[in-house]
Amino acid sequence: MIRKQRPTFTSAELELQLQQITLDPSSSTAENLEALAPLVRSIQDTDSEQIYLKSLDAFVGEKEAEIERICEGNYEDFVSSVQTLLTIRQGTVHLRRRIGELDGQMGDVGRALGEKKRALLEQKKVARNMDDAIETLQTCLRLLDLVHRVGEMIREGKYWGALRSLEDLLHLPPVSISQTPFYAHLLSSLPSLRLSIKDAVTASTKSWLFDVRESGAKVGKLALEQMAGRIKKWRARREKEGSVRLARVGAALELVNNERVEFDALDNDEINVDFKPLYQCIHIYEALESKPELQRSFQEDRKTQLTLILTSRLSTTPETLVSTLPALMQELVGFFIIEAHVLRSMPDFRSQRDVDELWDTMCRRMVEVMGQGLKGCSAPEVFLESKTNVLLFVQTLEDYEYNVTELNGLLITLFERYSDLLRRKFSTDFDQIVNDDDNQPMMVNDQEEFDQVAGVCWLATGEMESLAMQGFPQQMPFSQTYPMCCINIRNFVDQFYQFTDGVAQHHVDIDEVLRKASGLLLSLDGLLSDHVAATVGNRLKGMSNLSQIAQVVINLEHFATACEELEGVLMNLRASQRGGPVKLSSVQAFAAALALAESRIDSVIGSKLESFFELAEYNWMPARPQSTAAEPSTYVFEMITFLTAYVDSVLIGLSEEIKTRAYSAALSRINKWLMETLCGKDVVRFNESALASVLADVKFIETEIKRLEKPDLDHVFDEVRLTINIILSDAVSAYMESSIRQTSYAAVRPMRLAVILAKLGKGAAVMGGPAGQGRADRRRREADEVAKLAGK
């Protein structure tokens with residue numbers, strides 16, 4: 001190992017090193033060490049600490065010696081300076097001691113003054129703090145008093161003043177307490193105070209809603225009474241002035257007439273609904289920026305109240321419906337009048353949609369529950385009473401601009417069910433009246449009975465006067481069916497239009513229900529057709545008594561007159577003329593029944609004639625005629641005597657037109673029987689004398705008929721008479737001429753004439769002999785020629 005050579009330090013090196021190191025007393029120890037650190041490290045690295053110290057001591061000695069050499073030449077001055085310096089130092093020490101004494105004295109005086117100054121300042125500070133404390137306490141007391149007054153205002157209902165006071169507390173804080181915990185605590189209590197105001201005003205509104213709920217029935221009652229008075233007043237004017245007949249309550253004409261009458265259902269002599277609590281609540285909630293919350297709460301509360309009204313008042317049985325419906329209508333009218341007022345006065349709070357929601361709920365509930373309550377009800381008066389209440393309800397709230405379309409539909413539904421009940425009730429009555437009738441003329445015993453009957457029956461022009469001229473007791477031309485049906489018709493019409501009275505906006509619908517075919521069962525027209533005319537027709541089919549049938553004919557004629565008059569009555573009663581004239585299809589039904597009755601007369605008379613036909617005993621091959629115009633066949637004489645007497649006596653009450661028709665039908669039946677007998681298979685042959693007897697009987701009948709002075713019957717027997725005349729007058733050749741046949745023998749049928757000629761030929765052939773055979777051949781030829789005409 002090579003040993004390191006120790007360094008040596010010369011005086012020049014040491015001086016240079018010392019010059020590099022600056023030991024500044026003012027510097028920190030860390031800085032001095034930092035300056036020495038390189039030197040100390042180099043000494044340690046060379047392990048020359050002792051050598052360096054020795055070298056340093058030698059350097060110090062050299063420097064001291066140098067100092068001594070410098071000072072040897074100025075020693076005396078130096079000593080003198082040192083002595084002077086010591087003297088100055090002593091003076092300085094004395095002055096310093098004196099200054100210290102004076103400073104101590106001044107310090108004592110200053111300290112005393114400072115203590116007094118500090119005491120004075122402390123007293124002033126205490127006084128100032130006391131003033132601030134007093135002012136702060138007074139401010140706090142004022143704030144606490146204001147908070148206390150807020151509570152009192154809440155209790156007194158002065159909610160807006162209380163809220164304004166809270167706003168003052170918030171926006172006008174005193175500077176002295178604005179940063180204090182007291183004020184911070186006060187501010188933290190403001191939300192609870194606002195909540196107290198909100199709760200108090202909400203409770204006030206809830207109480208107001210309850211009061212309104214209680215007073216709503218009174219409001220509705222007054223409004224309904226006012227509307228009922230308007231309706232009564234307007235009805236009286238309509239009856240007095242025909243020009244306003246079609247104007248309804250609520251129309252422009254009626255409103256102009258009623259504008260002088262000022263009535264407010266919410267503010268009048270009997271009741272005054274104060275809306276101030278609600279307005280105050282809305283104002284408070286707006287200030288608290290919570291109006292949507294109040295709107296939702298108010299809507300829910302009103303929904304609840306509406307539900308309570310509907311469920312607590314409305315029953316589901318017809319018996320209780322009549323008694324509870326008026327009270328229900330009063331509460332509902334009051335409820336929606338209040339809603340209309342709130343909507344009109346506070347449109348920014350109450351929306352039309354909210355009110356419409358309540359209205360639609362009420363309408364649906366009303367329709368459902370009334371439908372259920374009237375289910376199975378068979379009393380028309382219950383429907384009539386319900387209609388009266390609903391109609392008054394509709395007309396009252398229509399003035400407040402509510403949409404009453406659904407309630408109008410309810411009225412139509414009530415009308416349809418009411419009409420159905422009337423139809424069922426009166427259909428039973430009509431059926432019973434017609435079926436129980438004995439079809440005999442009705443008797444009246446005195447003028448009072450006559451006036452009663454004439455007052456309800458529709459009679460032809462002049463008929464009442466004619467009947468009034470007769471004495472008592474007297475027979476009326478009709479049976480009891482007619483006046484009783486007239487009474488029922490009038491009752492039906494009265495009850496029918498009693499329901500429609502006031503429902504002017506539905507006049508087209510109601511009249512259409514009356515007239516259209518699909519609604520006949522719901523109308524008087526259907527009753528007359530299905531339960532009077534049809535029932536009469538059914539009874540006619542089983543009638544064989546001619547007097548009863550004749551009475552039915554008279555009744556039906558009067559019913560036809562009634563229908564004509566009834567059309568005018570219904571036209572006058574109808575709400576409007578826009579539907580055109582009223583036409584009852586029952587007119588055709590009665591016409592059909594009348595035709596059936598006339599047919600039954602023909603059938604009954606025809607059956608009587610058949611019995612006479614059975615008595616006819618003609619000798620078809622006589623040597624000479626057995627009858628003459630003066631002395632007809634026995635059956636003919638009896639038959640005509642019966643016919644004229646029977647028709648004139650039994651059908652005496654019928655019109656001449658019907659009698660003529662009956663005669664015509666009977667004589668046509670006789671003509672037909674004679675032709676069928678001559679042309680039928682039962683009679684194989686006959687001769688001219690037999691035909692002469694038949695012709696004599698026909699002439700007798702025509703002679704008798706002419707006495708009736710009925711020109712329409714003069715040509716009934718043309719066929720049989722002309723047919724026989726052609727044969728007996730040998731006018732067959734003339735008949736063959738087309739011009740003569742069309743002008744003189746138009747009623748003769750060629751085929752029948754040919755059959756009769758053929759039978760005459762057979763009759764002539766039976767006689768035998770050349771003459772008989774010649775007539776037979778001639779008749780056959782004539783028959784063939786005439787038959788050819790029939791084939792053309």
Side-chain angles (χ1 to χ4, degrees), residues 378-380 419-446 448-459 463 467 472-496 520-563 565-566 584 586-587 589-601 603-604 650-654 658:
S378 58
S419 299
D420 184 63
L421 287 177
L422 288 184
R423 180 197 63 79
R424 284 186 286 171
K425 175 180 179 295
F426 281 93
S427 63
T428 301
D429 292 345
F430 280 125
D431 288 341
Q432 184 175 359
I433 290 172
V434 175
N435 288 323
D436 291 347
D437 189 22
D438 57 1
N439 291 310
Q440 296 297 326
M442 182 180 183
M443 296 294 298
V444 292
N445 298 314
D446 51 37
E448 183 179 357
E449 290 184 10
F450 177 82
D451 292 339
Q452 291 176 353
V453 173
V456 298
C457 293
W458 285 284
L459 301 175
E463 186 177 5
L467 292 173
F472 299 102
Q474 68 164 303
Q475 281 187 346
M476 302 299 284
F478 39 76
S479 66
Q480 63 179 1
T481 290
Y482 182 64
M484 293 181 69
C485 285
C486 287
I487 292 174
N488 269 13
I489 291 171
R490 292 181 184 275
N491 289 338
F492 180 87
V493 171
D494 290 342
Q495 294 181 39
F496 182 91
L520 287 178
L521 293 180
L522 301 176
S523 65
L524 175 60
D525 202 10
L527 289 173
L528 294 177
S529 298
D530 299 337
H531 297 279
V532 178
T535 305
V536 169
N538 291 333
R539 290 199 66 189
L540 277 171
K541 294 176 182 178
M543 283 187 185
S544 59
N545 188 314
L546 194 59
S547 62
Q548 290 183 329
I549 299 174
Q551 186 61 63
V552 170
V553 171
I554 295 173
N555 290 345
L556 290 173
E557 289 178 333
H558 281 84
F559 275 119
T561 301
C563 287
E565 296 293 330
L566 189 57
L584 297 175
S586 53
V587 173
F590 283 117
L594 182 60
L596 178 61
E598 292 174 351
S599 176
R600 284 299 300 161
I601 291 176
S603 298
V604 172
V650 177
L651 305 182
I652 188 172
L654 300 182
I658 294 179

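All heavy atoms count here, side chains included; hydrogens, waters and symmetry mates do not.
Under the side-chain contact (heavy atoms from CB on, under 4.5 Å) criterion, Ser603 pairs with Ser599, Arg600, not counting sequence neighbours. For the side-chain contact (heavy atoms from CB on, under 4.5 Å) test, residues two or more places apart in sequence or in another chain that qualify with Gln452 are Glu448. Every residue meeting the side-chain contact (heavy atoms from CB on, under 4.5 Å) condition with Leu546, not counting sequence neighbours, appears here in chain and number order: Ile601, Val604, Ile605, Tyr646, Val650, Leu651. In terms of the ring pair (Phe, Tyr, Trp, His ring centres under 6.0 Å) criterion, residue partners of Phe478 (sequence neighbours excluded) are, by chain and number, Tyr482, His558. Residues satisfying the side-chain contact (heavy atoms from CB on, under 4.5 Å) test with Ala454, not counting sequence neighbours, are Phe450, Met464. Listed by chain and number, the residues in a ring pair (Phe, Tyr, Trp, His ring centres under 6.0 Å) with Phe426 are Phe492 (sequence neighbours excluded). Residues satisfying the side-chain hydrogen bond (donor to acceptor under 3.5 Å, both in side chains) criterion with Asp438, sequence neighbours excluded, are absent altogether. Residues satisfying the salt bridge (charged side-chain N to carboxylate O under 4.0 Å, His left out) test with Glu598, not counting sequence neighbours, are Arg661. The side-chain hydrogen bond (donor to acceptor under 3.5 Å, both in side chains) test applied to Ser547 returns Asn545, not counting sequence neighbours.
Looking only at side-chain heavy atoms (C-beta outward), Asn488 and Asn491 come within less than 4.5 Å of each other.
The environment of Gln432 atom CD is sparse: at most 12 non-hydrogen atoms of other residues, nucleotides or ligands sit within 6.0 angstrom.
Thr481 and Asn555 form no side-chain donor-acceptor contact under 3.5 Å, judged by distance and modelled atom types alone.
Each of Trp458, Phe430, Phe590 was scored for a ring-ring contact (aromatic ring centres under 6.0 Å, His included) with Phe559, with one residue passing: Phe590. Put simply, the residue from Leu596, Leu594, Leu540 that forms a side chain to side chain contact (heavy atoms under 4.5 Å, CB included) with Val553 is Leu594. For the pairing with Gln474, the side chain to side chain contact (heavy atoms under 4.5 Å, CB included) check across Leu467, Asp446, Asn445 returns one residue only, Leu467.
Here the CD-CE distance, from Gln475 to Met443, works out to 5.5 Å after rounding to the nearest 0.5 Å. In this structure, the separation between CG on Asp436 and CE on Met484 is 8.0 Å, given to the nearest 0.5 Å. Here CD1 of Ile658 is found 4.0 Å from CD of Glu557. Values are rounded to the nearest 0.5 Å.
No donor-acceptor pair closer than 3.5 Å links the side chain of Arg539 to the backbone N or O of Val552. The main-chain N or O of Pro477 is found under 3.5 Å from a side-chain atom of Gln551 such that the two form a donor-acceptor pair. Listed for the Asn538 side chain is a donor-acceptor partner under 3.5 Å among the backbone atoms of Ala534.
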CA sep, side-chain torsions, deciding dist, call: Arg490, Asp494, salt bridge (charged side-chain N to carboxylate O under 4.0 Å, His left out): CA-CA 6 Å; Arg490 292 181 184 275; Asp494 290 342; over 6 Å; no

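Across all non-hydrogen atoms, the minimal contact from Cys485 to Ile433 is SG-CG2, 3.9 Å. The minimum heavy-atom distance between Cys457 and Cys486, with the atom names listed, is CA-SG, 3.9 Å. Taking each heavy atom of Gln495 and Leu422 in turn, the nearest pair found is OE1-CD2, 3.2 Å. The shortest heavy-atom contact between Leu556 and Ala597 is CD1-CB, 4.2 Å.
Among residues at least two apart or in separate chains, salt bridge (charged side-chain N to carboxylate O under 4.0 Å, His left out) pairs with a member in residues 425-434 are Lys425-Asp429.
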